[in-house]
Asks: 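Sharing a structure with you now.
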Protein chains: 2
Amino acid sequence: MLNAIGREIPLDILKRLKKEPFQGAYGYAEKSLRKEVAFNIVWPGTGKLVNSISEALVKAKFKDGMSISFHHHLRNGDYVLNMVLEEIARMGFRDITVLASGIFECHEPLLAHIQNGVVSGIHTNYMVGPVARAVSAGILDKPVIMRSHGGRDRAIESGELKIDIAFIAAPTADIYGNIDGTEGPSACGSLGYAFSDAKYAGKVIALTDNLVSYPVSRISIDQTCVDYVIKVDSIGDRAGIVSGTTRITRDPVGLKIAERAARVIETGGYLQDGFSFQTGAGSLSLAVASFVREKMREKKIIGSFGLGGITELFVDMLQEGLFRTLFDTQCFDLKSVESLRNNSRHQEISSSMYSNPFTKGAVVNNLDVVILGATEIDTDFNVNVTTGSDGRIMGGSGGHCDAAAGSKLTIVVTNLMRARMPVVVERVTTVNTPGENIGVLVTEYGIAVNPANEDLKKKLSDNRLPVLDIKELKRIAYNICGEPENLKSKGNTIAVVEYRDGTIIDVIPQFE
Amino acid sequence: MLNAIGREIPLDILKRLKKEPFQGAYGYAEKSLRKEVAFNIVWPGTGKLVNSISEALVKAKFKDGMSISFHHHLRNGDYVLNMVLEEIARMGFRDITVLASGIFECHEPLLAHIQNGVVSGIHTNYMVGPVARAVSAGILDKPVIMRSHGGRDRAIESGELKIDIAFIAAPTADIYGNIDGTEGPSACGSLGYAFSDAKYAGKVIALTDNLVSYPVSRISIDQTCVDYVIKVDSIGDRAGIVSGTTRITRDPVGLKIAERAARVIETGGYLQDGFSFQTGAGSLSLAVASFVREKMREKKIIGSFGLGGITELFVDMLQEGLFRTLFDTQCFDLKSVESLRNNSRHQEISSSMYSNPFTKGAVVNNLDVVILGATEIDTDFNVNVTTGSDGRIMGGSGGHCDAAAGSKLTIVVTNLMRARMPVVVERVTTVNTPGENIGVLVTEYGIAVNPANEDLKKKLSDNRLPVLDIKELKRIAYNICGEPENLKSKGNTIAVVEYRDGTIIDVIPQFE
């Protein structure tokens, strides 16, 4: 059947997953719940330290068919997922579902575990590298469930997504399970994506390469969440944290787009005291932030908060007094880790508080402006950051649709074409963020404003910004690149894209 | 029936409350649960600010027979409990149960609400002043339920104690419900006792006299917990925070007791690097801490953590480097509030993390030594800090039994007699802390060691500390004061004392 944005969702998928099709960004749910959590009491005199992953698995009564979770703060430098799965495979377990908030190049060993039947399912918010390619090539029988960051927390907290064991990569931990992400050889900063796992999993196992005496003096995830602590040689390579991120673009076209986006924010009237702002860590987003910073300085504006995965640029803006505080679910570079450790106005938050739609209000609800990227954006403003134009998975929403749904103004910045393929298209390969939540598209060829936002469109035109119809942008792109060929589906579904509220916004077929 | 320490618990009480009699400090529970919490989703574009308590009550669908909770960080300076009950009375509600973590002199207006049928039940951890006296005189039909701090959190989190609406006295709050206790005209510091209420109540209403723009830059209780925010003129009088606390004793007898207690700690071998320590805020406890501080300085010991309600003395010890960190559920003075605001090693924790027995391990489980007081202590080492020797309620366990159950060594410090009444007695009027958790009693007449701790007794004797049998201390006290008269019960029960695990450790009858 077709969902509210005209994407075909197979009925058998809806039925099997017990899901509804996407019905619009603000759904109809008024109530929700945080699930009951059963746990084993730790009485005085009992310790939590175990000698090995296998000992922890035995104590946690691990068995075939269970689901285990991981968080991706160490990004492409993470060792924990591989380490745990290697042990699980060695012990002969099968039919395991991996609930990983992100999957990177470094997680290639997962492929062998899938082939051997150890792993039979994957849920994730973001996926790149060999695993993403293999999934796209149909390696798994069960479709991968792709969620947004907020959607993952919603699913965990409501009890829809059951975690049997959560594994926490702990840069520093004490023997009683208090964890700090900002100290230790693998310090990665915020552990925001691991909070829901730690609070709602059946069992919680912390792995650390920096075991300290009780207690750690800065607690992120606390002892009341953790069942067992394991000392390992290394949980990861810090260099991998920054692997996915870049510097401010130096490309003149990119700078032009970024400067225009900053002018959209200014012209829209958002640059006032109390301004709140999120950008990604891509080179174009960072360039927008850099222009916004200049404007804030000029106008002597004090923003309320910077949000997101946090980069050095936001840390500088905090130190400069351009934001009163930062909310951080993930550090994108080592300067951010240092800032989180030392600056009390740099606040670690759970990704649930950041973006979970089913709470008493996430931080994104208070966001003025977010700058987001797009692999594709269609003439209905629907955005794809999940699949390439070849239909292969090379990303995922992460916080994309969460920030878009919450913020007053969502700006997508992108070149009109990339690698000779149009970015603005008639119909995106995959939708992860619905067009109703995209306010403005800024490209080097012009700015398109969502028709729902007539006021802003007029303001931008009045200020001589180059406003075009999005269909016109598409036409330009198609004129230059040619019309993209239709991808041919093989008929099977390799991934299901859940919107943040748990409805199905799209499915990803295997393409020829 | 008699419970494990020989206290008579009426069967009808056990039946009515669906409770078991006390079975020993470490019960038999291996598993517990954190309850499911239903809540209303706050979507983008919806605010939380309401104009008045009555508006919040209407929105929260408040009705007769409901239970409302309060926390006691403003102690005898709290205005919120009275303010809310006045409005509830004005609106004509009846049969309300008040779940207050502490009740002080300032809460006298509660009496009129009880007499008028607005309030029909009280649960608390600590109760002094007119309300305590009136309860002791039988003002309520239903017995008051008295819990320890950890026991209250256990009851709330497990779902045994249902809070319909939690009212949070918020020294600083933003319009979206983020709360900080360390800023504002009524800054009281840690809000540790309010965490469970905020997380598990049906609805959560924050009252603040310092409403700030979004977001507060130090978040204690966060926006995902709070439904409504109300601006009021004043939530309390900061002077009342320190009302219950005192300075280090100057009384020579007190100093002698304190010095002996410090020698017990030293002789027992506890004064080593990593030493962890809790004291109350009474003048005698503070004196012990002061002597311990001297010894730590002399021996160049770096302690791991100081715990508890936190006082200036502990703050100084942190700053001096005698502790690596402080864990704080409640600030007992304004210097502690300032320290919590400014020193990241002074860490706010929930009272559940502090002391809830049904978690994956509370902080008290890692405590080396706690110094506690006693109104009475009997020859089985059972302690009473709940009732006076006249049988009237004038306190409550608070964290007394929690810290005693967790720490390696529990030392009770007290004068042998007080106001010409023996403190060491044959049988305490009320038991809130079982003797099995008391290691040593230190008085000016000598030191009694729990027979279960033969090793320590020998060490103390070997080091020429004046060790006596506790029965001998009782004999001395009785010789001087005379044997206390038996109190005569009127037959009805005015309060039930729950042990931290939810079993009934004692009941308090109305006395003639």
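Protein chains get the first letters and strands the later ones, always in sequence-line order, with residue 1 at the start of each.
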Asks: For a quick test of reading the model, state the closest non-hydrogen atom pair linking A:P44 to B:Y26 and the distance between them.
Replies: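 Shortest heavy-atom separation between A:P44 and B:Y26 comes out as CG-CE2, 3.8 Å.
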Asks: Closest heavy-atom contact between A:W43 and B:A29?
Replies: NE1-O, 2.8 Å
Asks: In terms of heavy-atom pairs under 4.5 Å, which option from A:P357, A:S158, A:G159, A:A362 contacts chain B the most?
Replies: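 Most pairs with chain B among the choices: A:A362.
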Asks: Can you name the closest pair of heavy atoms from B:G361 and A:Y176 and give their distance?
Replies: CA-OH, 3.4 Å
Asks: Between the main-chain N or O of A:G45 and the side-chain N or O of B:N365, is there a donor-acceptor pair closer than 3.5 Å?
Replies: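 It does not hold such a pair.
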Asks: So which atom in B:Y200 and which in A:R34 form the shortest heavy-atom distance, rounded to 0.1 Å?
Replies: N-NH2, 4.4 Å
Asks: Among A:H346, A:E30, A:K408, A:R345, which residue has the highest count of heavy-atom pairs closer than 4.5 Å to chain B?
Replies: A:E30
Asks: Tell me the residues of residues 214-226 of chain A whose non-hydrogen atoms fall below 4.5 Å from those of chain B, in number order.
Replies: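 The list, in residue order, reads A:Y214, A:P215, A:V216, A:S217, A:R218, A:I219, A:D222, A:Q223, A:T224, A:C225, A:V226.
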Asks: Does a side chain donor of either A:R324 or B:S213 reach within less than 3.5 Å of an acceptor in the other side chain?
Replies: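 Per modelled atom types, A:R324 and B:S213 side chains form a pair under 3.5 Å.
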Asks: Identify which part of B:N356 has an atom lying under 4.5 Å from any heavy atom of chain A, answering side chain, backbone, both or neither.
Replies: neither
Asks: For A:K31 and B:I41, work out which heavy atoms get closest and say how close.
Replies: O-CD1, 3.7 Å
Asks: Measure the spacing between NZ of B:K360 and CG of A:D227 and express it to the nearest 0.5 Å.
Replies: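 Spacing of NZ (B:K360) from CG (A:D227) equals 3.5 Å.
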Asks: So what's closer than 4.5 Å to chain A heavy atoms on B:K48: side chain, backbone, both or neither?
Replies: side chain
Asks: For the residue pair B:Q347 and A:N178, establish whether any side-chain heavy-atom pair is separated by less than 4.5 Å.
Replies: no
